[in-house]
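First the proteins, then the strands, lettered A, B, ... as listed; each starts at 1.
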Amino acid sequence: MQLPPALCARLAAGPGVAEPLPVERDPAAGAAPFRFVARPVRFPREHEFFEDGDVQRHLYLQDVLMQVADAPEKPRVPAFACQVAGCCQVFDALDDYEHHYHTLHGNVCSFCKRAFPSGHLLDAHILEWHDSLFQILSERQDMYQCLVEGCTEKFKTSRDRKDHLVRIHLYPVDFRFDKPKKNRSPASAEVPGDSGERSEGEAMEICSEPVAASPAPAGERRTYSHRIPSTICFGQGAARGFKSNKKKTKQC
Amino acid sequence: MWSRRRGHLRPTVCGVEELRRRRREQEAALRKARREQQLVSKRLLREDAPEEAGEGCVAAILGEAEVQQFLRQAQRGTEEKEREGALVSLRRGLQHPETQQTFIQLEGSMRTLVGLLTSNQALLQLEAARCLHELSHSEQSTIAEACLPATSYLLTYLSGHSSDFIELCLYTLGNLIVESEAVRRQLLPQGIVPALAACIQSPHVAVLEALGYALSQLLQAKEAPEKIIPSILASTLPQHMLQMLQPGPKLNPGVAVEFAWCLHYIICSQVSNPLLIGHGALSTLGLLLLDLAGAVQRTEDAGLELLACPVLRCLSNLLTEAAVETVGGQMQLRDERVVAALFILLQFFFQKQPSLLPEGLWLLNNLTANSPSFCTSLLSLDLIEPLLQLLPVSNVVSVMVLTVLCNVAEKGPAYCQRLWPGPLLPTLLHTLAFSDTEVVGQSLELLHLLFLYQPEAVQVFLQQSGLQALERHQEEAQLQDRVYALRQTALQG
């Protein structure tokens, strides 16, 4: 297919509209038996006209079309430690570190050191757990905001909100980022075991003691929020440890 | 886009013939699926770390006991590396459908996996997500449905900050979405649309490509026009999608391909196209078309047609909207360069992907049908002859070429004067010899217009044995009347 040489130049030049030649139709043009009518055509979703293009699209999705480049090896760097105070994790790949950082140090509550998957959930947490004004206001109006982004519903209690999440948004009943706050003084450690989760190995979004260490001494835990460094716990052993602490030491 | 592609686990020694054969098989399977309206394709992200590849290409199928053991190790191991390693082993096993079945039938397995997914151990979280991703690739909807407990978390993590993790979640969601209506029915109330609308503001190209993929799968659902597209259109997603399609230094081909397809699924469902026109879709896509034509001239880059195809479709379908005229929409697409760009693309298709010629010609039809200006451009830019060169490609292409020519000719004598003398008449005599009824029918229509507005052509037609060419078809039911009428005109003229 040969294109006129001036065409590329036309494309490169500025925009323009062709001055149309005069239109002059003869009624005999559309007279029977001739039936041509100039009209734009539309094709709906499943029309067979789209078959070829759709097949190409799916071949691409299945990675057949392009020469699949070999997965680049994760660039390894000399081992380095996480810079956040008290965090003992060591990495040799930047991707791993990025993920670690965002997961554990990204959206962290400055009051109780809990980490959250998103700023949205962190904001809700701070409001509901650490803002005394919230507590006061919530006695008079619906303050518990639905956790689903885009949903503007508010509720009187955390329980009502959970019902809404489960019924309307089909969230799991044990959604891990909606722990009800227990009615103790804000300074007390809210420990993983408290929320009624009995299954082990399902570490919560709460930080506790370092890896492989035995459960931290109970004494330290009592004045949790100030003296405990923001060490991150990866062990499920913590849950059990705290549970037993709770039973022994009735605080406040 | 192209260099970031993560590969399949695939034997590295593979002859060219073998690859071609596999591709033909794959293509045949896809065609069959499309005809049955069951076209489902998934994208699998698999990192082939050198150590893994070294252990042989195929991981072993895991039995129930092994799955249980790995899960337990991951959950309760004391050493980080041990826990991570257990999940890696599980993930490799999950590449097999049999292991996937075993996994979902094991009580508590998904619960454990979700627990690991939501743990604070970042690398465990990643590996758990990778296991889910393997499961999402299954072709059995029961397996996709077994992943339902994880979806609220996958959505929650979309508003996080770890781009690799978000990318993985998005591809997993996209795969699950396409496999099961039950999954889609859960994801919508769980807020997938606002989650995507928030996530689309990410600066990471890989995340955007993954998001486009997930969204395109959502939009392909059969219930999309009623249940999904309205909420998408009501969100900020359309504006962001169009932004991703604006030509310029920030345009990323991989991202653009995904969102162009998203736009196509929305537009061809015809839910509310005037809204998109209002957002400037026509001018954005028009500029993108120009950009594509420029790219085609600069490089031999295979893959540009992947973007060109949905762009052509969107433009063509949008041009049928009445809003195009009233909302000043036609103003958005009157630039003559669009015609020049389209022909450059047609030439590219002719050489690289002839199956896309009909789609390009479809746009040409919609551009020229009601536009004297574009018809004039065709003439003044000398594009009639290149158009005629496409006739031999196929019957479908022939009919469309002839239709475009009719669009020009029907505008009257001023246009037909520019069509004759020239190659048009000899070409028509040639197409009259075709056996395809539709091709011949369209040729007859064009002849009629030519005779009407350019009577001098009749003589030449007769001299070149036009009558005999006509008479060949006088028995054909669909053509008889027109053949007869033309014969009369010719003999009288």
Side-chain angles (χ1 to χ4, degrees), chain A residues 1-4 7 10-11 15-18 20-26 28-29 33-34 36 38-40 42 44-46 51-55 58 60-62 64 66 68-71 95 98-100 102-104 106 117-118 120 148-150 169-172 176 201-203 205 212 234, chain B residues 3 5-7 23 26 30-31 34 41 43 47-48 75-76 115 118-122 152 156-157 159-162 164-165 186 189-191 194 268-269 306 309 317 319-320 334-337 340 347 350 355 366 369 372-373 376-377 382 386 389 406-407 410-412 414 445 448 481-482 485:
Chain A
M1 186 190 179
Q2 295 272 24
L3 293 177
L7 198 66
R10 182 64 197 90
L11 185 67
V17 182
L21 295 165
V23 177
E24 207 187 306
R25 291 186 181 98
D26 186 326
F34 297 98
F36 175 75
R39 63 161 72 91
R42 95 174 18 165
R45 280 168 79 97
E46 291 302 335
E51 182 179 307
D52 281 317
D54 282 356
V55 167
H58 283 265
Y60 163 68
L61 284 181
Q62 294 179 1
V64 171
M66 298 301 298
V68 174
D70 279 274
D95 283 354
E98 188 209 15
H99 184 56
H100 160 88
H102 289 308
T103 307
L104 292 160
S118 70
H120 174 71
V148 174
E149 285 200 65
H169 293 297
L170 307 186
Y171 264 49
R176 284 165 175 76
E202 293 167 298
E205 78 279 32
F234 303 120
Chain B
S3 58
R5 186 60 49 236
R6 300 181 192 191
R23 182 197 161 140
Q26 215 138 354
L30 285 171
R31 267 181 214 286
R34 202 208 180 267
S41 286
R43 203 175 241 192
E47 272 181 37
D48 295 323
Q75 200 183 26
R76 301 184 193 172
T118 56
S119 72
N120 256 0
Q121 235 272 45
S152 61
T156 303
Y157 287 130
S159 35
H161 294 286
S162 169
D164 271 357
F165 191 59
Q186 174 163 294
Q190 281 184 344
C268 68
S269 304
L306 292 166
C309 174
N317 263 331
L319 283 171
T320 66
R334 288 178 63 197
D335 188 344
E336 183 177 53
R337 292 179 300 171
Q347 184 192 50
F350 184 69
S355 60
N366 286 10
S373 169
T376 306
S377 294
D382 283 321
Q389 287 167 26
C406 285
N407 286 349
E410 70 91 27
K411 307 256 177 322
E445 298 283 344
H448 166 65
D481 298 338
R482 292 180 282 180

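- Chain A forms more heavy-atom pairs under 4.5 Å with one residue of A369(B), C309(B), G191(B) than with any other, namely A369(B).
- Judged by distance alone, with hydrogens and angles left aside, the side-chain atoms of D335(B) form a donor-acceptor pair with the main-chain N or O of G16(A) at under 3.5 Å.
- Note: F165(B) and H99(A) have tilted aromatic rings, judged against thresholds of 30 and 60 degrees for the angle between ring planes.
- Residue H120(A): no heavy atom, backbone or side chain, is found under 4.5 Å from chain B.
- Top candidate by heavy-atom pairs under 4.5 Å with chain B, chosen from G150(A), G53(A), P172(A), is G53(A).
- Counted by atom type alone, S377(B) and E336(B) present one or more donor-acceptor pairs between their side chains at under 3.5 Å.
- Of the atoms belonging to C406(B), heavy atoms from both backbone and side chain fall under 4.5 Å from chain A.
- Interface check for chain B: of the options V23(A), D52(A), L21(A), L7(A), the most heavy-atom pairs under 4.5 Å are formed by L21(A).
- Residues passing the side-chain contact (heavy atoms from CB on, under 4.5 Å) test with Q389(B) are M1(A), Q2(A), E385(B), sequence neighbours excluded.
- In terms of heavy-atom pairs under 4.5 Å with chain A, the best-connected choice from Q347(B), R337(B), K411(B) is R337(B).
- Only the side chain of V148(A) comes within contact range of chain B, judged by heavy atoms closer than 4.5 Å.
- Checked by atom type and distance alone, the side chain of S373(B) pairs as donor or acceptor with a backbone atom of A18(A) at under 3.5 Å.
- Here the OG atom belonging to S269(B) is positioned 9.5 Å from the CG atom belonging to N317(B), to the nearest 0.5 angstrom.
- R25(A) touches chain B through backbone and side chain together, each having a heavy atom under 4.5 Å away.
- Partners of E98(A) under the salt bridge (charged side-chain N to carboxylate O under 4.0 Å, His left out) rule, at least two apart in sequence or in another chain, do not exist in this structure.
- In terms of non-hydrogen atom pairs under 4.5 Å with chain B, the most contact-rich of R42(A), E24(A), R10(A) is R42(A).
- Top candidate by heavy-atom pairs under 4.5 Å with chain A, chosen from P194(B), S162(B), G160(B), G412(B), is S162(B).
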